[in-house]
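Below, all heavy atoms of this structure are taken into account, side chains as well, without hydrogens, waters or symmetry copies. Because the structure is a prediction, the values reported are computed rather than measured.
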Amino acid sequence: MGPLWLDVEGYEIDAEERELLQHPTVGGLILFARNYHDPKQLAALTASIRKAAGRPILIGVDQEGGRVQRFRDEFTLIPPAQAYAEMDNGLELAKTAGWLLCAELVAHDIDLTFAPVLDNGFDCKAIGNRAFGDDINTIVKFSTAFMKGMKSAGTSTTGKHFPGHGGVIADSHLETPYDNRNNIFELDMAIFKAQIEAGILDAMMPAHVIYPEYDSSPASGSSYWLKEVLRKQLNFNGLVFSDDLSMEGATIMGGPAERSQQALDAGCDMVLMCNNRKSAVEVLDNLTIQSVAKADALLKTQHFDRKTLLGTREWKEANELITRAYDGWKS
């Protein structure tokens, strides 16, 4: 698998997208709400993506629960991460939700969701109730339960947004935030450190945030954060994704090809370039063809279809439990 993740426009792939998927630099494809109409269509889409690629490829989605859930109709609606700590049986719910969310993805031949969010606090516009809490212990406890559920469905875990997006108000989808604190190691990053030491994280996604007290580049394009801190100091051996390099927070690193190369040079293993076909083609035309050895480890390890899953007692009980929790959270 190559290092670049792309997206597709609609419910089916077109001739240009088939050609792009065959490019050896492509290693993954991320799906969005616009790619989903119903379960049958989604299963057909993922099958056509794999057929067009003609080789192993990762298929992923941002499916966290709450407001970040791309597939909703005929999928179980999952509460936002903040909900679990506020419920009496929160740990059970978090683990069950992690399994249920990922099992429903596996049933549509999707390898992974870019989850969980390990950011500290609810104040950031980009994070809000996507966070599990606003203190280290709460976040570690409930994110651990959620990730255990994810892994039991045969999928990988991706912690985001390293070393912590919770200390800024600005949304990195819209601008490049600056976090001027000098105690990020003791606060936000302690969560990532704990989960790395626990061995539960398979991948990491850095933030498009600049931390001027430490380095002048966004963490997603910073060899200080990715090589010196993440790899050497924290001994993280998993795969590192960039966040979407078409986000406004990444444009400080230059044009599409420059951003991608800076992220790879800084220590990212795979880079995402979404919602801009022209930019994706520019990256394909300029990146050196290379293979990402670690990517194979993120392919899902379980295989079943939707009909089989929905017929199991485990799904029926989990669906009932999580639907009740979601409805309770909403009210």
Side-chain angles (χ1 to χ4, degrees), residues 60-69 75-107 110-122 127-162 164-166 187-205 236 238 298 300-302 309 312-330:
V61 63
D62 281 321
Q63 187 93 336
E64 302 169 10
R67 62 186 168 97
V68 182
Q69 182 163 350
F75 275 71
T76 306
L77 295 178
I78 307 294
Q82 181 182 353
Y84 304 114
E86 300 179 9
M87 295 180 176
D88 291 338
N89 56 338
L91 287 174
E92 177 194 2
L93 287 170
K95 185 176 181 181
T96 301
W99 174 82
L100 182 59
L101 184 153
C102 290
E104 291 185 352
L105 295 180
V106 169
I110 294 167
D111 293 296
L112 61 90
T113 172
F114 294 100
V117 167
L118 296 179
D119 298 315
N120 191 347
F122 311 114
I127 306 302
N129 63 16
R130 298 167 67 193
F132 284 91
D134 55 5
D135 68 88
I136 294 168
N137 290 337
T138 298
I139 296 168
V140 169
K141 183 167 68 171
F142 288 95
S143 66
T144 296
F146 192 84
M147 286 190 279
K148 285 181 178 178
M150 293 175 69
K151 283 179 168 290
S152 69
T155 63
S156 58
T157 59
T158 300
K160 59 187 187 183
H161 304 82
F162 178 84
H165 203 308
L187 298 177
D188 303 54
M189 207 178 74
I191 299 160
F192 293 91
K193 182 175 185 290
Q195 298 298 36
I196 290 169
E197 291 175 349
I200 200 167
L201 281 173
D202 300 300
M204 195 76 77
M205 181 175 281
F236 180 67
L298 300 188
K300 59 184 171 59
T301 59
Q302 295 184 25
L309 175 65
T312 64
R313 180 180 174 182
E314 186 176 10
W315 179 85
K316 291 173 183 176
E317 291 179 349
N319 171 266
E320 182 180 348
L321 182 68
I322 297 305
T323 298
R324 198 161 56 238
Y326 181 87
D327 291 341
W329 166 263
K330 279 200 307 179

What are the two closest non-hydrogen atoms of [X] and [Y], and how far apart are they?
X	Y	result
Leu309	Trp315	O-CB, 3.2 Å
Leu93	Ala325	CD2-CB, 3.9 Å
Gly121	Ala131	O-CB, 3.4 Å
Ala194	Val140	CB-CG2, 4.1 Å
Ala145	Leu91	CB-O, 3.7 Å

Taking C-beta and beyond as the side chain, do [X] and [Y] meet within less than 4.5 Å on heavy atoms?
X	Y	answer
Trp99	Lys95	no
Ser143	Gln195	yes
Glu64	Pro116	no
Val106	Thr155	yes
Asn120	Ile191	yes
Phe236	Leu201	yes
Phe122	Arg130	no
Asp119	Asp188	no

To the nearest 0.5 Å, what is the distance between [atom1] on [X] and [atom2] on [Y]?
X	Y	atom1	atom2	value
Gln63	Gln69	CD	CD	4.5 Å
Leu100	Phe75	CG	CZ	10.0 Å
Met87	Arg324	CE	CZ	11.0 Å
Leu118	Lys193	CG	NZ	15.0 Å

For the pair [X] and [Y], find out whether any cationic side-chain nitrogen is under 4.0 Å from an anionic carboxylate oxygen.
X	Y	value
Glu320	Lys316	no
Asp202	Lys151	yes
Asp135	Lys141	no

Heavy-atom count check: over 12 atoms from other residues, nucleotides or ligands less than 6.0 Å from [X] [atom1]?
X	atom1	result
Gln302	CD	yes
Lys148	NZ	no
Arg67	CZ	yes

Intermediate values then yes/no, side chain to side chain contact (heavy atoms under 4.5 Å, CB included), Gln82 and Asp134 = CA-CA 9 Å; Gln82 181 182 353; Asp134 55 5; over 6 Å; no
Looking at Thr113, Thr96, Thr76, which one forms a side-chain contact (heavy atoms from CB on, under 4.5 Å) with Leu101?
->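 So the option named by the test is Thr113.
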N/O donor-acceptor pair under 3.5 Å between Thr157 side chain and Ile200 backbone =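 The answer is yes, because a donor-acceptor pair under 3.5 Å joins these two groups.
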Side-chain H-bond candidate by donor/acceptor type, Glu86 with Trp329, under 3.5 Å |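 No, Trp329 and Glu86 have no side-chain donor paired with an acceptor closer than 3.5 Å.
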Side chain to side chain contact (heavy atoms under 4.5 Å, CB included) between Leu112 and Lys300: does it pass, once the steps are laid out?
-> CA-CA 7 Å; Leu112 61 90; Lys300 59 184 171 59; over 6 Å; no
Start with the C-alpha gap between Phe162 and Phe192, add the side-chain angles, then the distance that decides, and say whether ring pair (Phe, Tyr, Trp, His ring centres under 6.0 Å) holds.
-> CA-CA 7 Å; Phe162 178 84; Phe192 293 91; 5.6 Å; yes
